[in-house]
K.L.:
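Right, I'll just put the structure down here and ask away after.
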Amino acid sequence: MMYTILGKSSYVQGCIPKWLKGTLLRNGPGKHSVGEMSYNHWFDGLSLLHSFTFKNGEVYYRSKFLRSDTYNSNMEANRIVVSEFGTMAYPDPCKNIFSKAFTYLSHVVPEFTDNCLINIIKFGDDYYASSETNFIRKIDPESLDTLDKVDYLKYLTVNLATSHPHYDNEGNTLNMGTSIGDKGKTKYMIFKVPSKTAADNDKKKSPLKSAEVLCSIPAHHLLSPSYYHSFGMTENYVILIELPLKLDILKLATAYFRGVNWASCISFHSDEKTWFHIVDKRTKKPVAEKFYSDALVCYHHINAYEEDGHVVFDIIAYKDNSLYEMFYLANLRRDLSQETRVTSAPTYTRFVVPLQYDKKAEVGVNLVKIPTTTATAMKDKNGEICCQPEILCEGVELPRINYDYNGKKHRYVYASHVEWRPIPTKIVKFNTVTKEMLSWTDDMCWPAEPLFVPHPDGKEEDDGIILSAIVCSDPKKSSFLLILDAKTFKEVGRASVNADVHLDLHGIFIPDNN
Ligand SMILES: CC1=C(/C=C/C(C)=C/C=C/C(C)=C/C=C/C=C(C)/C=C/C=C(C)/C=C/C2=C(C)CCCC2(C)C)C(C)(C)CCC1
Ligand SMILES: [Fe+2]
């Protein structure tokens, strides 16, 4: 078993920029078996936090498991006793189906997992490890200790919430969640947690106490809300994509005693539309027009911005949900043969939604008036607007931008390059205007999501560096933190870590402003 690791990097090759001060804090699945039992899916693994702290040109590494209730219960039982999205767990495996059903019915609303393995969210001055259930776990960003267990349901009626919030210019956090069956309605809720609140004076109060619902959008179908993993935000609008990738509430409610995992209650409907909801933050209402496109799956929004009366939003899109299938451990263990590869590549996709257009325009006339894009939007015979995207490139995932450009027109995107396998081998910088791609790769190196840190005196969008934790699959070499010049994508330095580094998912950089 792995314990806390804390140490100074054993050696630094190249250099660590003097101005780089702060902590890179990341989250991801770090343990996929407990005792004799294993999870079914890579996204189910127990959260392992790790951090790289930059101080006086040196790098300090730290790693700790999130001591969630899920982690503690599993460790105590020496097996998996709490269900995750891809693994249904039975605390008492000896029970027959009837007693399982009884246990289930006597806990009509079972306690969901607090194994928050996806990302780190900042609410007010607090940092939380997050997943997509109603629980988040406050953490100490310095020691990586696990603190309070926070239930969104105490403050808002959200049963699920994303791990990819947005932060506005004032530092407020905006996130989106799904409220299932509250007052007979299933709806998507956009909520805002102010950066500075009355809770600042009372450190014991959660910043979520001041959470405010900006807008609620009813789901198209009461019993089958869509799954979403992130959303987009411009200066004035929030973009929610209602995917035809849907949760079936009736199936979810019976999954436990049917002996299937929750993931089997999600399905992709290739014959349905993908709806775009554009919410005006000023009026707190969605714009009246109905915008849609063909069926697609999206986990990560890249960025969104306003241009000449249009909302432009960039996402990583797929033709189906095969990415989730690819990450089942049985598929990962299998030799990566043709059948286990994703059947649909991640594509950098741009949609353009016209907000101001000639309302008398004929059916079939392109309403997009931005000359630099091939994305279109046309009225159909029902008066709804059908959008067709522009594809900018293929094979990129885990996208990051210079976050100072979030909501504004960006040019550069940093991402993992995906070659039809779940193993990352390359990170890239993509220029959305010239379509030029710069890349970094090295033998037996698996780079994590590349994160951009701006230079404090930077003038241009790409003035800064890229940080990525590299897992080295060569047992003779150690894993390291990679630093690239964001402009040239050339290596500035690497700091080797004398410990096992896990392949993580997402994280944030916390600048040290002192
Ligand atoms: C509360 C509730 C519940 C539960 C839930 C849960 C439990 C959830 C979880 C969830 C989760 C937990 C999710 C996750 C997700 C994730 C994702 C979506 C991710 C993505 C990723 C990616 C995309 C990646 C990629 C990559 C890598 C990593 C490496 C290599 C390469 C690549 C780039 C491919 C239910 C439904 C039952 C009911 C209702 C209520
Ligand atoms: Fe994500």
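Each ligand, and each atom within it, is numbered from 1 in the order the structure gives. Only a predicted model underlies this, so the values are computations on that prediction, with no experimental measurement involved.
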K.L.:
Hey, are Asp168 and Lys281 close enough for a salt bridge, meaning a charged N less than 4.0 Å from a carboxylate O?
P.N.:
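Salt bridge: no.
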K.L.:
Which ligand 1 atoms does Phe327 reach within 4.0 Å, using its non-hydrogen atoms?
P.N.:
26 (C), 27 (C)
K.L.:
Fit a plane to each ring of Tyr348 and Phe430, take the angle between them on a 0 to 90° scale, and name the class: parallel (under 30°), tilted (30 to 60°) or perpendicular (over 60°).
P.N.:
tilted
K.L.:
By number and element, which atoms of ligand 1 are closer than 4.0 Å to a non-hydrogen atom of Leu323?
P.N.:
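That gives atoms 23 (C) of ligand 1.
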K.L.:
With respect to atom 29 (C) of ligand 1, which of Gly86, Pro422, Ser83 exhibits the smallest heavy-atom separation?
P.N.:
Pro422
K.L.:
If you define the side chain from C-beta out and look only at heavy atoms, does anything of His301 sit under 4.5 Å from Ile241?
P.N.:
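They are in contact (side-chain heavy atoms under 4.5 Å apart), so the answer is yes.
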K.L.:
Among all protein heavy atoms in this structure, tell me which lies nearest to atom 20 (C) of ligand 1, with the distance rounded to 0.1 Å.
P.N.:
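Closest protein heavy atom to atom 20 (C) of ligand 1: Phe43 CZ, 3.6 Å.
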K.L.:
Taking the basic N atoms (NZ, or NE/NH1/NH2) and the acidic carboxylate oxygens, is any pair closer than 4.0 Å for Asp145 and Arg67?
P.N.:
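Salt bridge absent between Asp145 and Arg67.
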K.L.:
Taking Ser163 for the side chain and Ser131 for the main chain, is one N or O donor matched with an acceptor at less than 3.5 Å?
P.N.:
yes
K.L.:
Parallel, tilted or perpendicular: which one describes the rings of His32 and Trp42, with boundaries at 30° and 60°?
P.N.:
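Rings of His32 and Trp42: parallel, under 30°.
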K.L.:
Under 3.5 Å, is there a donor-acceptor pair linking the side chains of Tyr228 and Thr178?
P.N.:
yes
K.L.:
To the nearest 10 degrees, could you say what angle the Fe ion (ligand 2) makes with NE2 of His229 and NE2 of His164?
P.N.:
100°
K.L.:
Looking at the rings of Phe123 and Tyr127, which for Trp means the six-membered one, are their centres under 6.0 Å apart?
P.N.:
no
K.L.:
Under 4.0 Å, heavy atoms only, figure out whether ligand 1 is touched by the backbone of Ala255, its side chain, both or neither.
P.N.:
neither
K.L.:
Among all protein heavy atoms, pick the one closest to atom 28 (C) of ligand 1 and tell me residue, atom and distance.
P.N.:
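Its nearest protein heavy-atom neighbour is Trp42 CZ3, 3.9 Å.
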K.L.:
What is the nearest protein non-hydrogen atom to atom 36 (C) of ligand 1, stated with its residue, atom name and distance?
P.N.:
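Here the nearest protein heavy atom works out to Leu252 CD2, 3.9 Å.
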K.L.:
For ligand 1, which atoms sit closer than 4.0 Å to a heavy atom of Trp262?
P.N.:
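Listed by number with element: 37 (C).
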K.L.:
Which residue owns the protein heavy atom closest to atom 7 (C) of ligand 1, what's the atom, and how far is it?
P.N.:
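The answer is Thr133 CG2, 3.6 Å.
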K.L.:
Report the nearest protein non-hydrogen atom to atom 22 (C) of ligand 1: residue, atom name, distance rounded to 0.1 Å.
P.N.:
Leu398 CD2, 4.0 Å
K.L.:
Under the 3.5 angstrom rule, does the side chain of Ser83 hit a backbone N or O of Ala89 as a donor-acceptor pair?
P.N.:
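Flag set: sc Ser83 to bb Ala89 pair under 3.5 Å.
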K.L.:
For atom 8 (C) of ligand 1, which protein heavy atom lies nearest, and how many Å away is it?
P.N.:
Phe85 CD1, 3.6 Å
K.L.:
For atom 32 (C) of ligand 1, what's the nearest protein heavy atom and its distance?
P.N.:
Val418 CG2, 4.2 Å
K.L.:
Taking only heavy atoms of Phe112 into account, list the atoms of ligand 1 that are under 4.0 Å away from them.
P.N.:
1 (C), 2 (C), 40 (C)
K.L.:
For N/O/S atoms only: which one belongs to His506 and is nearest the Fe ion (ligand 2)?
P.N.:
NE2
K.L.:
Specify side chain, backbone, both or neither for Tyr299, according to which of its non-hydrogen atoms lie closer than 4.0 Å to ligand 1.
P.N.:
side chain
K.L.:
With a cutoff of 4.0 Å, is Tyr227 in contact with ligand 1, counting heavy atoms of the residue only?
P.N.:
yes
K.L.:
Using 4.0 Å as the upper bound for N to carboxylate O, is an ion pair formed by Asp442 and Arg494?
P.N.:
yes
K.L.:
With the threshold set at 4.0 Å, does a side-chain nitrogen-carboxylate oxygen contact exist between Lys187 and Asp182?
P.N.:
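Asp182 and Lys187: salt-bridged.
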K.L.:
Under a 4.0 Å heavy-atom limit, does Leu160 contact ligand 1 with its side chain, its backbone, both, or neither?
P.N.:
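Side chain only; the backbone of Leu160 stays clear of ligand 1.
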K.L.:
Return the residue, atom name and 0.1 Å-rounded distance of the protein heavy atom closest to atom 14 (C) of ligand 1.
P.N.:
Ile118 CD1, 3.4 Å
K.L.:
Angle between ring planes, Trp275 versus His220, binned at 30° and 60°: parallel, tilted or perpendicular?
P.N.:
parallel
